[in-house]
Amino acid sequence: MIKTNFPKKYDVIVVGAGHAGCEAALAASRMGAKTLLTTINIDTIAQMSCNPAFGGPGKGHLAREIGALGGEMARAIDEAGIQFRMLNTKKGPAVWAPRAQADKWAYSRTVKKTIETQENLDLMQLTATGLIIEKKAVKGIITTSGLKIMGKCVIVSAGTFLNGLIHIGLTAVGGGRLGEAASLELPKHLNKLGIKMGRLKTGTPARIHADSIDFSCFQPQKGDKKPSAFSYDRPLGKIKQINCFLGYTNKKTHKVIKDNLRYSPLYSGKIKGVGVRYCPSIEDKVVKFPDKGRHQIFLEPEGRGSKEVYINGLSTSLPQDVQIKILNTIKGIDKAQIMRFGYGIEYDYIDPTQLEPTLELKNVKNLYCAGQVNGTTGYEEAACQGIVAGINAVLKIRKKPPFILSRTQAYIGVLIDDLVTKGTKEPYRLFTSRVEHRLILRQDNADLRLGEFAYKFGLISKERIDKIRNKQKTIQLEIEQLHKIRHTNKSLAKILKQPGMSFKQIRALDPRVKNLAEDIAEQVEIEIKYEGYIQREKALIQRLKKLENREIPVRLSYQKIEGLKKEAREKLCRIKPRSIGQAMRISGITSSDIALVLLRIEKSNRP
């Protein structure tokens, strides 16, 4: 192969244009870095390979945080959404979660247009087969044609394409997605660099033609009458929403699956990768929950101008003839025309404990990894890593301090800390239950929490940060006012705390209460109603900061710490935690191990 040099040099090169790659490239270019985004297929940028939806518990929080940081996902889903719902509203605000159905093609087109018009950003269709490495630092990429493109930092966001293998029944073909080639040379190159990799599995259900469905057999799932936007800088406006539909499998469905398990690559041993625990295939659900007579399925339209309907809850890698038999057992889709068959996909991923919290690899400088390649599921988990990697790549080039969100600052901080500290053996999904401080890290206040970071990095405008600052000031002043104004010997704040009371009702009690914008009124109400809990959380966070701020010296030798267990020594040497707080979260590390580490640090600090 004759290798040639590409004439233009870049600050940041992003490999892969899925949700992680797009956010990484946009963040880097918006910060003023000369950026290149490469993709195997330029027509599938930001493609929604799985279900046509964003958000839900945990994921909705991530999507709003991405928007608050100046990312594209929130704006694009607002543009391409066909149904919006706020989930868990009967529970407390800590677990409220926005969710939206998307026109998947409109979403992809929206993101592609943004990328094509973004200053400092080049988009090229080519396949990276290797990296240019000098003195354990990345200097660029090499493509299939031998083209060498130089860059100061490289971000690998290859999704499910690294050694991707598609399974339908006992047939397996290479591919990163159905109809798209897998990346075969790049994972070999990463292995040669000493990067530890594993194998994971995910999958999709069949898509069926809307005109072949009897929707009267299913329960309509409508959008909210007053839908909420994902982005903070503009309202949704009027939108014509499209229904989804709820249905169930039955005993006949389960019998067909059980009778054909020998043809399942999952149970015949052909698939070696570990599947998604929280979104299993239908054959997995039938086997693991034999006592359940039915499982939920959701019919989700894939777009306004499309007849394709996604059957959420019916992911499978069973043979095509078996997939037809499965549908034949469910009333309403028993005569459904399959447009695309379901399939399972296996792929390589990078053990994320090899990464710094910035998502830079520890043993290869200036090389970052983001998205499903780090062992996560979903569009939102991928995209949030992308924006963090993009920001940190630019900061590294400029020799600026890194951008690391803690577990007390954002859902993004929890996700990345979990990955780099604990690692994962199965596709990682973020839930609200993983987040210790979820009452403070709500989906409704992400702009207040993260707006200053976005402005500092040049990802949002001066006008937008001024609005955020004014919003924060207005909220604080109104809370103080409600504590001062008294009605029947009680402060309005105390009355608002009573069950069933709302800010709207409080305003009706006293003309001195301002007529606030809806989002500000919501913040005031939540902050007052949960005031005691919030104050306790903030006090706890301050105590935890002492552990997080207690840095572990980079050159600390765990091998020299007497009494440290072998398991603790191995994990501490491999993960190299940055702080005592991070060390405490490593699986298998005990309080006695931490005590020994602290003692060693104290000794090394003595004159």
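Just the heavy atoms: all of them, side chains too, but no hydrogens, waters or symmetry mates, feed the values below. Keep in mind that this is a model prediction, so the values were computed, not measured.
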* Just by distance, with hydrogens left out, do N366 and K152 show a side-chain donor and acceptor under 3.5 Å apart? -> no
* To do: Scan for side chain to side chain donor-acceptor pair (under 3.5 Å) pairs involving residues 46-58, sequence neighbours excluded, and state none if there are none.
  => S49-R177
* Does the side chain of S231 pick up a donor-acceptor pair with the side chain of D78 at under 3.5 Å? -> yes
* **Residues T376 and N374: side-chain donor-acceptor under 3.5 angstrom** => no
* Asked: Is the F403 to F453 ring centre distance short of 6.0 Å?
  -> yes
* Which pairs, with at least one residue in residues 39-61 and sequence neighbours excluded, count as a salt bridge (charged side-chain N to carboxylate O under 4.0 Å, His left out)? -> K59-E380, K59-E381
* Using side chain to side chain donor-acceptor pair (under 3.5 Å) as the criterion, list what pairs up with T432, not counting sequence neighbours. => none
* To do: With the side chain counted from C-beta on, respond yes when I141 and V15 share a heavy-atom pair under 4.5 Å apart, and no when they do not.
  => yes
* Sequence neighbours excluded - ring pair (Phe, Tyr, Trp, His ring centres under 6.0 Å) pairs with any residue from residues 365-396 -> H19-Y379, F54-Y379
* Quick one: side-chain contact (heavy atoms from CB on, under 4.5 Å) partners of L184, sequence neighbours excluded? -> N163, A182
* To do: Quick one: list whatever passes side chain to side chain donor-acceptor pair (under 3.5 Å) with Q323, sequence neighbours left out.
  => none
* Asked: Quick one: side chain to side chain donor-acceptor pair (under 3.5 Å) partners of T316, sequence neighbours excluded?
  -> E283
* Asked: Which ring pair (Phe, Tyr, Trp, His ring centres under 6.0 Å) pairs, counting each pair once, include a residue from residues 109-128, with sequence neighbours left out?
  -> none
* Asked: Which residue pairs pass the salt bridge (charged side-chain N to carboxylate O under 4.0 Å, His left out) test with at least one member in residues 105-116, sequence neighbours excluded?
  -> K112-E116
* Pairs satisfying side chain to side chain donor-acceptor pair (under 3.5 Å), at least one member in residues 67-76, at least two apart -> R30-E72, E72-R75, E72-T114
* ring pair (Phe, Tyr, Trp, His ring centres under 6.0 Å) contacts in which one or both residues fall within residues 145-167, not counting sequence neighbours -> none
* side chain to side chain donor-acceptor pair (under 3.5 Å) pairs, two or more places apart, involving residues 459-469 -> E452-R469, K462-D466
* To do: May I ask you to check whether D122 and Y10 show a side-chain donor-acceptor distance below 3.5 Å?
  => yes
